[in-house]
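Given the structure is predicted, the values throughout are model-derived calculations rather than measurements.
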Protein chains: 2
Amino acid sequence: MLDDRDRALLSRLQRDADVAVAELAEQVNLSPSACARRIARLRAEGYLTRLVARLDRRRMGLPTTVFVVVKTAQHSAEWLEQFRAALADVPEIIEAHRLTGNFDYILKIVLPNVEHYDAIYKKLIQRLPLFEVSAYISMETMKHDTPLPVTYG
Amino acid sequence: MLDDRDRALLSRLQRDADVAVAELAEQVNLSPSACARRIARLRAEGYLTRLVARLDRRRMGLPTTVFVVVKTAQHSAEWLEQFRAALADVPEIIEAHRLTGNFDYILKIVLPNVEHYDAIYKKLIQRLPLFEVSAYISMETMKHDTPLPVTYG
DNA sequence: GGTGAAAGTAGCGCCCT
DNA sequence: AGGGCGCTACTTTCACC
(Lines give C-alpha, C1' and ligand atoms only; values in the text may rest on other atoms or scores of the structure.)
Protein backbone atom coordinates (compact mmCIF):
# COMPACT_ATOMS: atom_id res chain seq x y z
CA MET A 1 0.00 0.00 0.00
CA LEU A 2 0.89 3.66 -0.16
CA ASP A 3 1.99 5.86 2.68
CA ASP A 4 1.87 9.65 2.85
CA ARG A 5 5.25 10.04 1.20
CA ASP A 6 4.24 7.83 -1.71
CA ARG A 7 1.09 9.84 -2.19
CA ALA A 8 2.98 13.11 -2.00
CA LEU A 9 5.43 11.86 -4.59
CA LEU A 10 2.74 10.64 -6.96
CA SER A 11 0.76 13.81 -6.53
CA ARG A 12 3.80 15.90 -7.28
CA LEU A 13 4.96 13.84 -10.22
CA GLN A 14 1.64 13.84 -12.01
CA ARG A 15 1.65 17.64 -11.82
CA ASP A 16 5.23 18.05 -12.95
CA ALA A 17 7.67 15.25 -13.50
CA ASP A 18 10.42 17.47 -14.80
CA VAL A 19 12.25 17.58 -11.53
CA ALA A 20 15.44 16.08 -10.13
CA VAL A 21 15.17 13.31 -7.58
CA ALA A 22 17.21 15.40 -5.15
CA GLU A 23 14.55 18.12 -5.19
CA LEU A 24 11.69 15.65 -4.77
CA ALA A 25 13.56 14.08 -1.91
CA GLU A 26 13.73 17.22 0.16
CA GLN A 27 10.04 17.96 -0.49
CA VAL A 28 9.09 14.68 1.16
CA ASN A 29 11.89 14.77 3.75
CA LEU A 30 13.81 11.83 2.40
CA SER A 31 17.34 11.33 1.27
CA PRO A 32 17.79 11.25 -2.50
CA SER A 33 18.62 7.56 -2.49
CA ALA A 34 15.57 6.59 -0.45
CA CYS A 35 13.42 8.79 -2.67
CA ALA A 36 14.81 7.19 -5.82
CA ARG A 37 14.10 3.75 -4.36
CA ARG A 38 10.50 4.74 -3.71
CA ILE A 39 9.96 6.05 -7.20
CA ALA A 40 11.43 2.87 -8.64
CA ARG A 41 9.09 0.87 -6.41
CA LEU A 42 6.03 2.90 -7.39
CA ARG A 43 6.94 2.28 -10.98
CA ALA A 44 7.61 -1.42 -10.52
CA GLU A 45 4.33 -1.87 -8.66
CA GLY A 46 2.43 -0.15 -11.43
CA TYR A 47 1.18 2.98 -9.67
CA LEU A 48 3.31 5.16 -11.86
CA THR A 49 3.13 4.01 -15.45
CA ARG A 50 5.13 6.42 -17.56
CA LEU A 51 6.23 9.96 -18.20
CA VAL A 52 4.55 11.89 -20.97
CA ALA A 53 4.85 15.39 -22.39
CA ARG A 54 1.80 17.63 -22.30
CA LEU A 55 1.16 19.67 -25.41
CA ASP A 56 -0.69 22.95 -25.54
CA ARG A 57 -3.86 22.29 -27.50
CA ARG A 58 -4.32 25.86 -28.63
CA ARG A 59 -0.70 26.05 -29.78
CA MET A 60 -1.09 22.73 -31.57
CA GLY A 61 -4.04 24.09 -33.52
CA LEU A 62 -6.63 21.94 -31.76
CA PRO A 63 -8.47 24.31 -29.42
CA THR A 64 -11.96 22.91 -29.99
CA THR A 65 -13.54 20.13 -27.95
CA VAL A 66 -16.73 18.37 -28.97
CA PHE A 67 -18.54 15.70 -27.00
CA VAL A 68 -20.56 13.30 -29.09
CA VAL A 69 -23.16 10.97 -27.68
CA VAL A 70 -24.05 8.01 -29.82
CA LYS A 71 -26.82 5.46 -29.82
CA THR A 72 -26.12 2.33 -31.77
CA ALA A 73 -28.31 1.21 -34.60
CA GLN A 74 -27.80 -2.45 -33.76
CA HIS A 75 -26.51 -4.42 -30.84
CA SER A 76 -24.34 -7.01 -32.52
CA ALA A 77 -20.77 -8.17 -32.24
CA GLU A 78 -20.10 -7.13 -35.82
CA TRP A 79 -21.27 -3.60 -35.23
CA LEU A 80 -19.18 -3.32 -32.10
CA GLU A 81 -16.17 -4.54 -34.00
CA GLN A 82 -16.70 -1.88 -36.66
CA PHE A 83 -17.19 0.75 -34.02
CA ARG A 84 -13.96 -0.15 -32.27
CA ALA A 85 -12.13 -0.01 -35.57
CA ALA A 86 -13.60 3.41 -36.30
CA LEU A 87 -12.52 4.71 -32.91
CA ALA A 88 -9.01 3.45 -33.50
CA ASP A 89 -8.83 4.97 -36.98
CA VAL A 90 -9.99 8.47 -36.09
CA PRO A 91 -7.21 10.18 -34.14
CA GLU A 92 -9.37 13.21 -33.34
CA ILE A 93 -11.41 10.95 -31.05
CA ILE A 94 -9.22 11.12 -28.00
CA GLU A 95 -11.59 9.44 -25.59
CA ALA A 96 -14.47 6.98 -25.88
CA HIS A 97 -16.64 5.24 -23.33
CA ARG A 98 -19.49 2.79 -23.42
CA LEU A 99 -22.17 4.08 -21.09
CA THR A 100 -25.13 3.05 -19.04
CA GLY A 101 -28.39 4.89 -19.46
CA ASN A 102 -30.01 6.60 -22.40
CA PHE A 103 -26.86 6.81 -24.46
CA ASP A 104 -24.71 3.99 -25.66
CA TYR A 105 -21.41 5.80 -26.13
CA ILE A 106 -19.75 9.11 -25.50
CA LEU A 107 -16.82 10.38 -27.54
CA LYS A 108 -14.52 13.28 -26.85
CA ILE A 109 -13.17 14.84 -30.00
CA VAL A 110 -10.49 17.50 -30.46
CA LEU A 111 -10.52 19.71 -33.55
CA PRO A 112 -9.04 22.85 -35.08
CA ASN A 113 -12.53 24.38 -35.06
CA VAL A 114 -16.18 23.38 -34.94
CA GLU A 115 -16.50 23.22 -38.72
CA HIS A 116 -14.18 20.21 -38.73
CA TYR A 117 -16.71 18.24 -36.75
CA ASP A 118 -18.75 17.70 -39.88
CA ALA A 119 -15.92 15.76 -41.48
CA ILE A 120 -15.66 13.45 -38.47
CA TYR A 121 -19.42 12.99 -38.43
CA LYS A 122 -19.47 12.00 -42.09
CA LYS A 123 -16.49 9.72 -41.62
CA LEU A 124 -18.28 7.89 -38.83
CA ILE A 125 -21.71 7.50 -40.44
CA GLN A 126 -20.27 6.24 -43.69
CA ARG A 127 -18.32 3.55 -41.87
CA LEU A 128 -21.12 2.12 -39.80
CA PRO A 129 -24.81 2.63 -39.01
CA LEU A 130 -25.54 4.90 -36.05
CA PHE A 131 -29.04 5.36 -34.70
CA GLU A 132 -28.47 8.73 -33.08
CA VAL A 133 -25.55 11.10 -32.99
CA SER A 134 -25.66 14.30 -30.97
CA ALA A 135 -22.79 16.73 -30.73
CA TYR A 136 -22.22 19.07 -27.79
CA ILE A 137 -19.63 21.70 -28.37
CA SER A 138 -17.50 22.82 -25.47
CA MET A 139 -17.80 26.58 -25.20
CA GLU A 140 -15.41 26.75 -22.30
CA THR A 141 -13.12 24.23 -20.69
CA MET A 142 -13.56 24.90 -16.99
CA LYS A 143 -11.34 22.10 -15.72
CA HIS A 144 -8.91 19.93 -17.65
CA ASP A 145 -5.57 18.13 -17.48
CA THR A 146 -6.43 17.68 -13.85
CA PRO A 147 -4.26 15.31 -11.87
CA LEU A 148 -6.00 12.31 -10.36
CA PRO A 149 -7.06 12.91 -6.79
CA VAL A 150 -4.51 11.15 -4.61
CA THR A 151 -6.38 10.57 -1.41
CA TYR A 152 -4.49 11.60 1.67
CA GLY A 153 -5.21 10.14 5.07
CA MET B 1 5.67 26.81 -37.39
CA LEU B 2 6.43 23.13 -37.03
CA ASP B 3 8.27 20.94 -39.48
CA ASP B 4 8.08 17.17 -39.75
CA ARG B 5 10.84 16.65 -37.22
CA ASP B 6 9.09 18.86 -34.66
CA ARG B 7 5.87 16.95 -35.15
CA ALA B 8 7.63 13.61 -34.87
CA LEU B 9 9.28 14.73 -31.65
CA LEU B 10 6.07 16.04 -30.12
CA SER B 11 4.20 12.95 -31.16
CA ARG B 12 6.81 10.71 -29.62
CA LEU B 13 7.18 12.72 -26.42
CA GLN B 14 3.49 12.84 -25.63
CA ARG B 15 3.42 9.04 -25.87
CA ASP B 16 6.52 8.48 -23.78
CA ALA B 17 8.81 11.19 -22.54
CA ASP B 18 11.01 8.85 -20.56
CA VAL B 19 13.59 8.64 -23.26
CA ALA B 20 17.07 10.02 -23.76
CA VAL B 21 17.61 12.84 -26.22
CA ALA B 22 20.19 10.68 -27.96
CA GLU B 23 17.54 8.09 -28.78
CA LEU B 24 15.05 10.71 -29.93
CA ALA B 25 17.76 12.24 -32.04
CA GLU B 26 18.43 9.14 -34.06
CA GLN B 27 14.71 8.57 -34.59
CA VAL B 28 14.44 11.93 -36.31
CA ASN B 29 17.90 11.78 -37.92
CA LEU B 30 19.44 14.59 -35.94
CA SER B 31 22.46 14.93 -33.72
CA PRO B 32 21.69 14.86 -29.99
CA SER B 33 22.53 18.52 -29.56
CA ALA B 34 20.35 19.67 -32.46
CA CYS B 35 17.55 17.53 -31.09
CA ALA B 36 17.95 19.01 -27.62
CA ARG B 37 17.86 22.48 -29.11
CA ARG B 38 14.59 21.70 -30.87
CA ILE B 39 12.99 20.37 -27.72
CA ALA B 40 14.08 23.47 -25.84
CA ARG B 41 12.59 25.58 -28.62
CA LEU B 42 9.30 23.66 -28.63
CA ARG B 43 9.13 24.23 -24.91
CA ALA B 44 10.04 27.92 -25.11
CA GLU B 45 7.46 28.49 -27.83
CA GLY B 46 4.78 26.81 -25.77
CA TYR B 47 4.00 23.73 -27.86
CA LEU B 48 5.35 21.47 -25.19
CA THR B 49 4.23 22.63 -21.79
CA ARG B 50 5.55 20.17 -19.25
CA LEU B 51 6.35 16.59 -18.38
CA VAL B 52 3.95 14.71 -16.19
CA ALA B 53 3.77 11.22 -14.74
CA ARG B 54 0.80 9.06 -15.67
CA LEU B 55 -0.74 7.08 -12.84
CA ASP B 56 -2.64 3.84 -13.22
CA ARG B 57 -6.22 4.62 -12.26
CA ARG B 58 -7.08 1.08 -11.29
CA ARG B 59 -3.95 0.79 -9.17
CA MET B 60 -4.73 4.15 -7.56
CA GLY B 61 -8.13 2.86 -6.52
CA LEU B 62 -10.06 5.07 -8.95
CA PRO B 63 -11.23 2.73 -11.70
CA THR B 64 -14.70 4.20 -12.15
CA THR B 65 -15.58 6.99 -14.54
CA VAL B 66 -18.89 8.84 -14.45
CA PHE B 67 -20.03 11.54 -16.83
CA VAL B 68 -22.50 13.99 -15.37
CA VAL B 69 -24.54 16.37 -17.44
CA VAL B 70 -25.91 19.34 -15.62
CA LYS B 71 -28.53 21.96 -16.37
CA THR B 72 -28.31 25.08 -14.32
CA ALA B 73 -31.17 26.30 -12.18
CA GLN B 74 -30.36 29.93 -12.87
CA HIS B 75 -28.26 31.85 -15.31
CA SER B 76 -26.57 34.40 -13.10
CA ALA B 77 -23.05 35.50 -12.37
CA GLU B 78 -23.41 34.46 -8.73
CA TRP B 79 -24.46 30.95 -9.63
CA LEU B 80 -21.59 30.61 -12.08
CA GLU B 81 -19.18 31.78 -9.41
CA GLN B 82 -20.48 29.15 -7.00
CA PHE B 83 -20.30 26.51 -9.67
CA ARG B 84 -16.68 27.32 -10.47
CA ALA B 85 -15.83 27.15 -6.79
CA ALA B 86 -17.54 23.77 -6.49
CA LEU B 87 -15.58 22.43 -9.47
CA ALA B 88 -12.34 23.61 -7.93
CA ASP B 89 -13.17 22.10 -4.54
CA VAL B 90 -14.12 18.63 -5.72
CA PRO B 91 -10.97 16.85 -6.82
CA GLU B 92 -12.91 13.88 -8.19
CA ILE B 93 -14.17 16.16 -10.96
CA ILE B 94 -11.23 15.93 -13.28
CA GLU B 95 -12.80 17.64 -16.25
CA ALA B 96 -15.59 20.17 -16.76
CA HIS B 97 -16.93 21.94 -19.81
CA ARG B 98 -19.64 24.45 -20.50
CA LEU B 99 -21.59 23.21 -23.48
CA THR B 100 -23.84 24.29 -26.28
CA GLY B 101 -27.14 22.53 -26.77
CA ASN B 102 -29.56 20.85 -24.40
CA PHE B 103 -27.12 20.59 -21.54
CA ASP B 104 -25.30 23.37 -19.79
CA TYR B 105 -22.30 21.50 -18.43
CA ILE B 106 -20.60 18.15 -18.59
CA LEU B 107 -18.39 16.82 -15.82
CA LYS B 108 -16.04 13.87 -15.86
CA ILE B 109 -15.68 12.29 -12.45
CA VAL B 110 -13.29 9.57 -11.26
CA LEU B 111 -14.23 7.39 -8.32
CA PRO B 112 -13.31 4.23 -6.43
CA ASN B 113 -16.70 2.79 -7.42
CA VAL B 114 -20.16 3.86 -8.55
CA GLU B 115 -21.49 4.04 -5.01
CA HIS B 116 -19.20 6.99 -4.36
CA TYR B 117 -21.02 9.01 -6.95
CA ASP B 118 -23.82 9.62 -4.52
CA ALA B 119 -21.50 11.51 -2.18
CA ILE B 120 -20.37 13.78 -5.00
CA TYR B 121 -23.95 14.34 -6.09
CA LYS B 122 -24.99 15.34 -2.57
CA LYS B 123 -21.95 17.55 -2.20
CA LEU B 124 -22.86 19.41 -5.37
CA ILE B 125 -26.58 19.88 -4.77
CA GLN B 126 -26.06 21.14 -1.24
CA ARG B 127 -23.61 23.78 -2.45
CA LEU B 128 -25.71 25.26 -5.21
CA PRO B 129 -29.04 24.80 -7.00
CA LEU B 130 -28.99 22.54 -10.06
CA PHE B 131 -31.98 22.14 -12.30
CA GLU B 132 -31.07 18.76 -13.72
CA VAL B 133 -28.28 16.32 -12.98
CA SER B 134 -27.92 13.11 -14.99
CA ALA B 135 -25.15 10.61 -14.43
CA TYR B 136 -23.86 8.26 -17.10
CA ILE B 137 -21.59 5.57 -15.83
CA SER B 138 -18.76 4.40 -18.04
CA MET B 139 -19.07 0.65 -18.41
CA GLU B 140 -15.98 0.41 -20.53
CA THR B 141 -13.27 2.85 -21.43
CA MET B 142 -12.68 2.20 -25.11
CA LYS B 143 -10.14 4.93 -25.72
CA HIS B 144 -8.30 7.04 -23.19
CA ASP B 145 -4.99 8.75 -22.40
CA THR B 146 -4.82 9.24 -26.13
CA PRO B 147 -2.12 11.54 -27.44
CA LEU B 148 -3.30 14.58 -29.35
CA PRO B 149 -3.33 14.03 -33.09
CA VAL B 150 -0.25 15.76 -34.45
CA THR B 151 -1.11 16.39 -38.04
CA TYR B 152 1.59 15.39 -40.47
CA GLY B 153 1.93 16.90 -43.89
C1' DG C 1 22.88 21.78 -37.80
C1' DG C 2 27.25 19.18 -36.26
C1' DT C 3 31.27 18.22 -32.94
C1' DG C 4 33.58 17.57 -28.84
C1' DA C 5 34.57 18.57 -24.06
C1' DA C 6 32.71 19.84 -19.33
C1' DA C 7 29.32 19.61 -15.86
C1' DG C 8 25.47 17.50 -13.89
C1' DT C 9 22.49 13.19 -12.85
C1' DA C 10 20.96 9.00 -12.24
C1' DG C 11 21.63 4.34 -11.04
C1' DC C 12 23.92 0.85 -8.62
C1' DG C 13 26.11 -1.71 -5.05
C1' DC C 14 27.41 -1.41 -0.62
C1' DC C 15 27.36 -1.02 4.36
C1' DC C 16 25.47 1.07 8.34
C1' DT C 17 21.53 2.49 11.42
C1' DA D 1 12.98 0.80 5.53
C1' DG D 2 16.01 4.89 5.50
C1' DG D 3 20.71 7.24 5.24
C1' DG D 4 25.02 7.84 3.19
C1' DC D 5 28.89 6.70 0.45
C1' DG D 6 31.50 6.11 -3.93
C1' DC D 7 31.58 4.68 -8.32
C1' DT D 8 30.33 4.38 -13.28
C1' DA D 9 27.88 5.52 -17.14
C1' DC D 10 24.98 8.35 -19.26
C1' DT D 11 22.78 12.79 -20.47
C1' DT D 12 22.46 17.36 -20.93
C1' DT D 13 24.67 21.70 -22.02
C1' DC D 14 27.66 24.88 -24.04
C1' DA D 15 31.32 27.05 -26.75
C1' DC D 16 32.77 26.67 -31.17
C1' DC D 17 32.90 25.27 -36.22
Checklist entry - When Ile, Leu, Val, Met, Phe, Trp and Tyr are grouped by side-chain heavy atoms lying under 4.5 Å apart, directly or through other members, which residues fall in the same group as B/V52? => result A/V52

Item to check | Base D/dG2 paired with A/S31 side chain (donor-acceptor, <3.5 Å) | outcome: no

Item to check | side chain to side chain contact (heavy atoms under 4.5 Å, CB included) partner of A/T72, the single match among A/L80, A/L128, A/L130, A/D104 | outcome: A/D104

Checklist entry - So, A/D3 and A/R38, do they make that salt bridge, N to O below 4.0 Å? => result yes

Next on the checklist: Using whole Å, what does the distance between atom P of nucleotide D/dA1 and atom CG of A/D4 come to?
Outcome noted: 16 Å

Next on the checklist: In this structure, how many angstroms lie between the C1' atom of D/dA1 and the CG atom of A/D3, rounded?
Outcome noted: 10 Å

Item to check | Spacing between A/R41 atom CZ and D/dA1 atom C1', to the nearest angstrom | outcome: 10 Å

Next on the checklist: Students often mix this up, so state it plainly: with edges at 30° and 60°, are the rings of B/F67 and A/F67 parallel, tilted or perpendicular?
Outcome noted: perpendicular

Checklist entry - Rounding to a whole Å, what distance do you find between B/E23:CD and D/dT12:C1'? => result 15 Å

Next on the checklist: Please tell me if B/R37 has a side-chain N or O lying less than 4.0 Å from either OP1 or OP2 of C/dG2.
Outcome noted: no

Item to check | Separation of D/dG3 C1' from A/R38 CZ (nearest whole Å) | outcome: 13 Å

Checklist entry - Quick one: B/L24 CG to D/dC10 C1', roughly how many Å, whole number? => result 15 Å

Item to check | Side chain proximity check, A/I94 to A/I109, heavy atoms < 4.5 angstrom | outcome: no

Checklist entry - Which part of the nucleic acid, if any, lies within reach of A/R5 when heavy atoms closer than 4.0 Å are counted: base, sugar-phosphate only, or nothing? => result nothing

Item to check | Lys NZ or Arg CZ of A/R59 over B/Y47 ring: under 6.0 Å, within 45° | outcome: yes

Checklist entry - Among the nucleotides D/dA1, D/dC5, D/dT13, which one has an atom lying closest to any side-chain atom of A/S33? => result D/dC5

Checklist entry - So B/W79 and B/F83, would you call those rings parallel, tilted or perpendicular, with 30° and 60° as cut-offs? => result parallel

Next on the checklist: Below 4.0 angstrom, which residues in residues 15-22 of chain A have at least one non-hydrogen atom near DNA chain D?
Outcome noted: none

Checklist outcome for this item: Rounded to whole Å, the CD-C1' distance (B/E26 to C/dG2) equals 16 Å

Next on the checklist: Without decimals, in angstroms, what is the distance between A/N29 CG and D/dG4 C1'?
Outcome noted: 17 Å

